[in-house]
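For reference, the structure is listed below as structure tokens.
This is a predicted model, so every value here is computed, not measured. Positions are given from 1 along the sequence.
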Amino acid sequence: NQHRGQWTALGLVLLLLVAAVDFATGFKLRLMVFYLAPLLLLTWVMGRVFGVILALIACASWTYVDSMAGRYTGYPSLLYWDWATVFGGYVVMVIAITELRKSLDLAYFESRKDTLTGLVNKGGFYQVVGAEMEMCRRYKRTLSIAYIDCDNFKSVNDRFGHHVGDELLRVISKTMVRKLRSSDLPGRLGGDEFALLLPETDASQAMAVAQRLRDALGRRPLIVDGASIALTLSGGVAEATPNLA
């Protein structure tokens, strides 16, 4: 997606090139299959609706060339048959490539998700951080990252069991998602360690966000699976400015 414009331009150039060769050769060469490469490329980048529209354009292109060259003279029904079968085949390919893209995107998303809490995992978090740092440099924006650690989390597991500790992590994660903006990204780095990516937020604002989370989770004991847990959090904030990002 980062280079979507370049891929789109490349696909359109290839599509026009195939159409030009098709026009130059008339119906002597059957180039229907060569329309597939730019068609599938653009479908992969732009999506199913755009792919179906391009399939319609590609079919209209080669049927127009063949009609002008006299291929269907005296056989108008053959034109509709060819157009319908090839268009149907193109649409099937478009659907197949978009379903493949969806499956790959889902698999990639799942590989970046923490299975216990549903937050992004360490790898996914730092991948997004890298992209946001680049945006910070390019558009002269500020961002901050808050690191949060649960104090004495091991004692919770030892006293109440790991199932209570796991549920406590889920409660913390849900609270983060509820209290943060939609543009913010909470992630679990591992164990009881969390991080918050806060775009367009300076250090003082990030500290205020972290304080709100600490108050929300620590102002009274949390009841988790019948266990009363007095939770305290520790953490820190790092700010990236446009000149230092």
Look at Asp158 together with Lys154 and state whether they make a salt bridge at an N to O cut-off of under 4.0 Å.
yes
side-chain hydrogen bond (donor to acceptor under 3.5 Å, both in side chains): pairs with one or both residues in residues 43-58, sequence neighbours excluded
Arg48-Thr98, Arg48-Glu99
Leu119 and Ser173 have their tightest heavy-atom pair at CD1-OG, 3.5 Å
To the nearest 0.5 Å, what is the distance between CG on Leu198 and OG on Ser183?
8.5 Å
Please report the interatomic distance CD(Glu200) to SG(Cys136), rounded to the nearest 0.5 Å.
9.5 Å
Using the rule given for side-chain contact (heavy atoms from CB on, under 4.5 Å), can you reason through Asp114 versus Val120, listing the C-alpha separation, both sets of side-chain angles and the distance that settles it, and then say yes or no?
CA-CA 5 Å; Asp114 178 59; Val120 295; over 6 Å; no
Verify same cluster id: Leu189, Leu168 (apolar side-chain graph, 4.5 Å):
no
Locate the shortest heavy-atom distance separating Ala60 from Trp83; write the atom from each residue and the value.
N-NE1, 3.9 Å
At their closest point, which heavy atom of Tyr90 faces which heavy atom of Ala55, and how far apart are they?
CB-CB, 3.7 Å
Counting C-beta onward and ignoring hydrogens, is there a side-chain heavy-atom pair between Ile97 and Met93 closer than 4.5 Å?
no
With rounding to the nearest 0.5 Å, note down the distance linking CD1 in Ile229 to CZ in Arg159.
9.0 Å
Same cluster for Tyr147 and Phe194 if Ile/Leu/Val/Met/Phe/Trp/Tyr side chains link at under 4.5 Å?
no
If every non-hydrogen atom of Ala58 is compared with every non-hydrogen atom of Tyr35, which pair is closest and at what distance?
CB-CD2, 3.7 Å
Is there a chain of hydrophobic side chains (I, L, V, M, F, W, Y, each step under 4.5 Å between heavy atoms) that links Val177 to Val128?
no
Side chain proximity check, Leu231 to Ile172, heavy atoms < 4.5 angstrom
yes
Verify same cluster id: Leu41, Ile95 (apolar side-chain graph, 4.5 Å)
yes
Can a side-chain donor-acceptor contact be found between Arg181 and Thr201 if the only test is distance below 3.5 angstrom?
yes
If you compare all heavy atoms of Glu239 against all heavy atoms of Ala203, which two are closest, and at what distance to 0.1 Å?
OE1-N, 2.9 Å
Kindly indicate, with the supporting measurements, whether the criterion side-chain contact (heavy atoms from CB on, under 4.5 Å) is fulfilled by Leu196 and Leu180.
CA-CA 9 Å; Leu196 311 175; Leu180 295 175; 3.8 Å; yes
Is Tyr126 close to Ile145 at the side-chain level, that is, under 4.5 Å between some pair of heavy atoms?
no
Beyond-backbone contact of Asn121 with Arg112, side-chain heavy atoms, under 4.5 angstrom
yes
Could you tell me whether the side chain of Asp202 and the main chain of Gln205 form a donor-acceptor pair under 3.5 Å?
yes
When every non-hydrogen atom of Leu233 is compared with those of Arg214, the smallest separation belongs to O-CD, 3.7 Å
Between CD1 on residue Ile57 and CG on residue Leu39, distance to nearest 0.5 Å
10.0 Å
Do the side chains of Leu14 and Leu56 join up, straight or via other hydrophobic residues, at under 4.5 Å, putting them in one cluster?
yes
Show your reasoning for whether side-chain contact (heavy atoms from CB on, under 4.5 Å) applies to Arg188 and Lys122.
CA-CA 6 Å; Arg188 184 186 177 206; Lys122 183 177 181 179; over 6 Å; no
Does Lys174 have any side-chain hydrogen bond (donor to acceptor under 3.5 Å, both in side chains) partners at least two apart in sequence or in another chain, and if so, which?
none
Separation between CG of Asp192 and CG of Asn157, rounded to the nearest 0.5 Å
9.0 Å
Within a strict 4.5 Å, meaning less than it, do heavy atoms of the Asp184 and Leu197 side chains meet?
no
Could you check Met176 against Ile148 for side-chain contact (heavy atoms from CB on, under 4.5 Å), going step by step and ending with a plain yes or no?
CA-CA 11 Å; Met176 288 180 175; Ile148 297 175; 4.1 Å; yes
For atom CE of Met46, decide whether the heavy atoms of other residues, nucleotides or ligands shown that lie under 6.0 angstrom number more than 12.
yes
Between Ser234 and Asp149, is there a side-chain donor-acceptor contact under 3.5 Å, judged purely by atom types and distance?
no
Ionic contact status for Asp215 with Arg212, cut-off 4.0 Å:
no
How long is the span from the CG atom in Leu100 to the CG atom in Leu104, to the nearest 0.5 Å?
4.5 Å
